[in-house]
Structure formats: structure tokens, C-alpha cells
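Notes follow once the structure below has been shown.
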Amino acid sequence: MGNRIVITDYSEQGKSLYIKLEVFDAGKNTLFAEEVRFLDDMLYGDFLHAERSPLTDNCRKETVDYLKNYFGR
């Protein structure tokens with residue numbers, strides 16, 4: 001079973017887009033439930049930060065790509 005990304009909710013407030021998501025990291029066999037946000041085209045949140053994320057690097061990159069494609073940013 002591979003990584004799994006599920007958007008559970010999102011809301012737009014001005015230039016910000018707040019996203020609640022669940023991510024199953026197959027490399028750690030762990031499910032995470034977190035919130036991140038877009039400010040214009042920039043994605044923010046320690047959950048997806050290259051040095052602070054609890055996700056494996058592969059899962060983190062896959063999640064970032066998925067969110068950018070899903071929201072067209």
C-alpha cells in the first residue's frame with residue numbers, strides 16, 4: 001500500500017486557503033491529520049516543511065505535489 005492523501009475540508013479567507021488533510025505515510029505506516037495553508041501560491045505549514053515535517057521525504061513531496069495540482073497553485 002502506498003501513501004494516501006485525503007482532503008477533509010478547506011476554506012478560503014481572502015488570499016489564504018486553509019486545508020485540513022489526512023496523510024497516510026506508507027514509509028512510517030502512520031496516519032497524520034494536519035492543517036496547512038496556501039497564501040497566494042505559497043504553501044505553508046511545518047507539516048510540509050523540508051526540515052520539520054514528520055513525513056518521509058517521498059511522502060512529503062507527493063503531498064505537496066498533490067495539493068498544488070488539486071488547487072491549481
Side-chain angles (χ1 to χ4, degrees):
M1 181 174 177
N3 298 322
R4 188 178 69 238
I5 303 151
V6 177
I7 297 169
T8 58
D9 194 19
Y10 67 91
S11 65
E12 291 187 67
Q13 297 176 3
K15 293 183 178 186
S16 294
L17 175 64
Y18 295 88
I19 306 160
K20 291 183 181 180
L21 66 158
E22 292 181 351
V23 177
F24 177 77
D25 187 330
K28 290 190 171 185
N29 197 33
T30 304
L31 180 65
F32 297 91
E34 296 287 337
E35 184 174 316
V36 297
R37 78 175 172 128
F38 276 107
L39 180 58
D40 292 322
D41 291 341
M42 294 294 297
L43 189 56
Y44 290 91
D46 284 351
F47 184 61
L48 299 176
H49 189 278
E51 296 175 4
R52 294 188 291 267
S53 178
L55 301 172
T56 58
D57 196 49
N58 179 53
C59 184
R60 184 188 63 79
K61 289 177 181 175
E62 186 177 329
T63 303
V64 168
D65 289 344
Y66 177 83
L67 292 173
K68 286 182 174 182
N69 288 328
Y70 187 90
F71 291 103
R73 297 185 181 214

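The figures that follow rest on heavy atoms only: side chains count, while hydrogens, waters and symmetry mates do not. These numbers were taken from a predicted model, which means no experiment stands behind them.
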Return all side-chain donor-acceptor pairs below 3.5 angstrom for residues 59-73, not counting sequence neighbours, or 'none' if the list is empty.
{"from": "R60", "atom 1": "NH1", "to": "L48", "atom 2": "O", "distance (Å)": "3.4"}
{"from": "R60", "atom 1": "NH2", "to": "D57", "atom 2": "OD1", "distance (Å)": "3.0"}
{"from": "K61", "atom 1": "NZ", "to": "D57", "atom 2": "OD2", "distance (Å)": "3.1"}
{"from": "E62", "atom 1": "OE1", "to": "N3", "atom 2": "ND2", "distance (Å)": "3.0"}
{"from": "T63", "atom 1": "OG1", "to": "C59", "atom 2": "O", "distance (Å)": "2.8"}
{"from": "N69", "atom 1": "ND2", "to": "D65", "atom 2": "O", "distance (Å)": "3.2"}
{"from": "R73", "atom 1": "NH1", "to": "D40", "atom 2": "O", "distance (Å)": "2.7"}

Side-chain donor-acceptor pairs of residues 19-33 under 3.5 Å, sequence neighbours excluded:
{"from": "D25", "atom 1": "OD1", "to": "G27", "atom 2": "N", "distance (Å)": "2.9"}
{"from": "D25", "atom 1": "OD1", "to": "K28", "atom 2": "N", "distance (Å)": "3.4"}
{"from": "D25", "atom 1": "OD1", "to": "T56", "atom 2": "OG1", "distance (Å)": "3.0"}
{"from": "D25", "atom 1": "OD2", "to": "T56", "atom 2": "N", "distance (Å)": "2.6"}
{"from": "D25", "atom 1": "OD2", "to": "T56", "atom 2": "OG1", "distance (Å)": "3.1"}
{"from": "K28", "atom 1": "NZ", "to": "P54", "atom 2": "O", "distance (Å)": "2.3"}
{"from": "T30", "atom 1": "OG1", "to": "K28", "atom 2": "O", "distance (Å)": "2.8"}

same_hphob_cluster(I7, V36) at 4.5 Å side-chain heavy-atom cutoff: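 Yes: a chain of side-chain contacts under 4.5 Å links I7 to V36.
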From H49 atom NE2 to Y44 atom OH, the distance as rounded to the nearest 0.5 Å: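 Here the interatomic distance stands at 11.0 Å.
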